[in-house]
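Before any comments, here is the structure.
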Amino acid sequence: MERPEKLQQVFGTTLTSHRNKSSLTRENIPPPAKYGGRHTVTLIPGDGIGPELLNHVREVFRFSCVPVDFEVVHVNSAVETEDDINNAITAIRRNGVALKGNIETKHTMAPSVKSRNNLLRTSLDLYANVMHCQSLPGVQTRHKNIDIMIIRENTEGEYSSLEHESVSGVVESLKIITRNNSLRIADYAFKLAREKGRRRVTAVHKANIMKLGDGLFLQCCREVASGYPDITFDSMIVDNTTMQLVSKPQQFDVMVMPNLYGNVVSNVCAGLVGGPGLVPGANYGHVYAVFETATRNTGKSIANRNIANPTAMLLASCMMLDHLKLYDHASSIRNAILNTMNETRLHTADIGGQGTTSEVVQTIMRFIQSKGQLTSEY
Amino acid sequence: MTARSVRSLSGALKPLFSNRCPGITSCFLQVYGAASCNQRQKSTYTPPPARYGGRHTVTLIPGDGIGPELGNHVRELFRFCCVPVDFEVVNVDSSVASEDDINNAIMAIRRNGVALKGNIETNHNLPPSYKSRNNLLRTTLDLYANVMHCQSLPGVRTRHRNIDIMIIRENTEGEYSSLEHENVPGVVECLKIITKTKSLRIADYAFRTARAKGRRRVTAVHKANIMKLGDGLFLECCKEVASGYPEITFDSMIVDNTTMQLVSRPQQFDLMVMPNLYGNVVSNVCAGLVGGPGLVPGANYGEDYAVFETGTRNTGKSIANRNTANPTAMLLASCLLLDHLKLHAYASMIRRAILSTVSETRLHTADLGGQGSTSEVVQSIMNAVQSTGPQTLSI
């Protein structure tokens, strides 16, 4: 039978590449800190609320004396040339880690202008988008005790941007599913589940309709699952998944899925735990990592009004610090954020309060200071 | 929709197009003109003619899982209420690879014009060349509009209140074209097809329905920032049709934002129109919000045929034949069928009885958190119908 050999070939190559970079996901070697122990991280402000939130991140980092310097790269979403985004990609290749705001994709421009965010993800091969949705104690939601990790394939699927109009009035969009990428993401999901002590992985698909495409994805997940007997693997069709999510989200543990379903499911989960202002997201590749808010909103309508919720971006920066192995700083900022979240009078408009962004950030800094660690003066 | 308004619609759209490109205008008018020709021939919708003494014949496809038992309950209820409908039962075996069964069913529906169906299971163990039977039925009969009306029912407790959303989903193209191929081993390409004709058709259907039901706002759900040509075309078609309905507000929303808004504030949505896959996801989210798959009926409309089924198309294999399935969705679907056949009196009578039964918490089935059985619910509905007085058979 040729199939096991093929699997070994394909899987063998992925395994080798993993082995070269110390197989566990969390032990991706961070880029070496240069210049006196300080890390350099690329910062892409983006559009909408991106710039102001990232300024707050820099403010908090400076205040807590975090040894991270930001290299700011602006990407102008209004021009058609790809120079800006190529500069950003080069900067990320140089530094290895980035923190970004969402770059707007203008609908008025020609269809040949690709989404800049998508370009970044595919060029750097950031194949895994990880989102951890947890109910935060201080936030009132309709559902309680949600704790779902969503692992979404980030580079192929429906987002291949391959469309053409062979006959006028008939558009074909290609959705690509490959064995390599499906095995890779399934492998990532199971490794992460094992690392975090998760008991169950659910694959979300629509294989009853897209038999070859999602069928391949499901098959790859099953193959990888057979190598992890301690973790239960099941699968669920995407429409049933979304219906279960709105009635009983507590049943889900880790979910792995292709790109478009990941987009929908992660937004549903973000809505369930309190909205787009609370959940951070991370995009991991073999070599690079880019951190941003999970639901990737530009937030144009609330830009520069001091009402955006900084929690998602600040939690994303904590994830970045964890990635750089600066665990102490990460936990101190994270504790400060969670403590601030408990104070209802400080909730911003998206979670039903009237606080401003700067009030929230000020309170976070005050918490950090009260813990007694070294901070710079106000 | 009357012929006059169709003509005025194409008249209104004409100047919009003649500026852009005369070639497209003639193409458009050809396509749209053909559609309006059909409309002109049937100025008001007439249901398929009732033969044999005023009784309608409706195809019934039991399907798999809970379909057969729920279909039986529908027949029981119709018989009890003396509804002038006879069912022609066509069984479709989902475990065989030949397409004879489903072709028989399609022929029966062509004959009768209307059908009530349970979901036919798509067996994963059969080869990929075996197409989904439900999909085959929808595309062959060109049932282009899937309409689902999600309303909060008074007796059912949910986390959200006052939901009233109509979802109109394109039913024949999009991601469900079943066109996949593996050029290189290990690389699968799935084609998602969006055409101008069908997008215009579904947008037109959506706006007509909005106008007919007095809805104020239509939202198009898309992902045009990523699928610029495909969903961009869909969005453009919706905008074109929207221009002919100035009293209805039209806006658009990306599908991920839509789902997030649906779980936080579903009351903001009125009528939503979208391509096939997003329709699948959004309708399931809405069904979950109003109480689950056992409560919402769905309808598939084409130019000539109409097929009614539960909104979320579940087979329900795990609860089959255990007398625990919720019959509400299927019974409400049968009321939609009666409305379609213009038997409005019967439809409202049965619907009233169903809604009064759903308000009784002790009769809720397991999916609503109760312990009632299917037969108890059906019995109670029949009691409610009898107590309102019209002629019924003795139980």
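The structure presented is a predicted model; accordingly, all values stated were derived computationally and were not measured. We name chains A, B, ... by the order of the sequence lines, and we start the count at 1 in each one.
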Looking only at A/Lys206, A/Glu156, A/Gln244, most heavy-atom pairs under 4.5 Å shared with chain B are made by A/Lys206
If you count heavy atoms of other groups shown closer than 6.0 angstrom to CZ of A/Arg142, is the number above 12? yes
Donor-acceptor check, side chain of A/Glu165 to backbone of B/Leu229, threshold 3.5 angstrom: yes or no? no
Chain B interface, residue from A/Thr105, A/Asn263, A/Leu174 that has the most non-hydrogen pairs under 4.5 Å: A/Asn263
So CG of B/Asp256 and CG of A/Asn297: to nearest 0.5 Å the spacing works out to 7.5 Å
Report yes if the side chains of B/Glu189 and A/Lys175 come closer than 4.5 Å at any heavy-atom pair, otherwise no. no
Passes side chain to side chain contact (heavy atoms under 4.5 Å, CB included), B/Thr195 versus A/Val171? Steps please. CA-CA 6 Å; B/Thr195 56; A/Val171 174; over 6 Å; no
As an exercise, state the distance from CG of B/Asn276 to CD1 of A/Ile209, rounded to the nearest 0.5 Å. 8.0 Å
Residue from B/Asn225, B/Val255, B/Val282 scoring the most non-hydrogen pairs under 4.5 Å with chain A is B/Asn225
Please determine whether side chain to side chain contact (heavy atoms under 4.5 Å, CB included) holds for the pair B/Val285 and A/Met243, giving the CA-CA distance in whole Å, both sets of side-chain angles, and the decisive distance to 0.1 Å. CA-CA 5 Å; B/Val285 173; A/Met243 188 154 57; over 6 Å; no
Got B/Met227 and A/Glu163 here, is their nearest side-chain heavy-atom distance under 4.5 Å? yes
After noting the C-alpha distance and the side-chain angles of B/Glu180 and A/Lys211, does the key distance pass the side chain to side chain contact (heavy atoms under 4.5 Å, CB included) rule? CA-CA 8 Å; B/Glu180 303 180 287; A/Lys211 294 167 190 277; 4.0 Å; yes
Can you find a pair of side-chain heavy atoms, one from B/Lys196 and one from A/Val170, that are under 4.5 Å apart? no
Heavy-atom contact with chain A under 4.5 Å, split by part of B/Thr258: neither
Counting only heavy atoms from other residues, nucleotides and ligands, does the tally under 6.0 Å from CD of A/Gln140 exceed 12? no
Can you tell which part of B/Asn134 gets under 4.5 Å to a heavy atom of chain A, answering side chain, backbone, both or neither? neither
Quick check on the interface: out of A/His164, A/Glu158, A/His143, who has the most heavy-atom pairs with chain B under 4.5 Å? A/His143
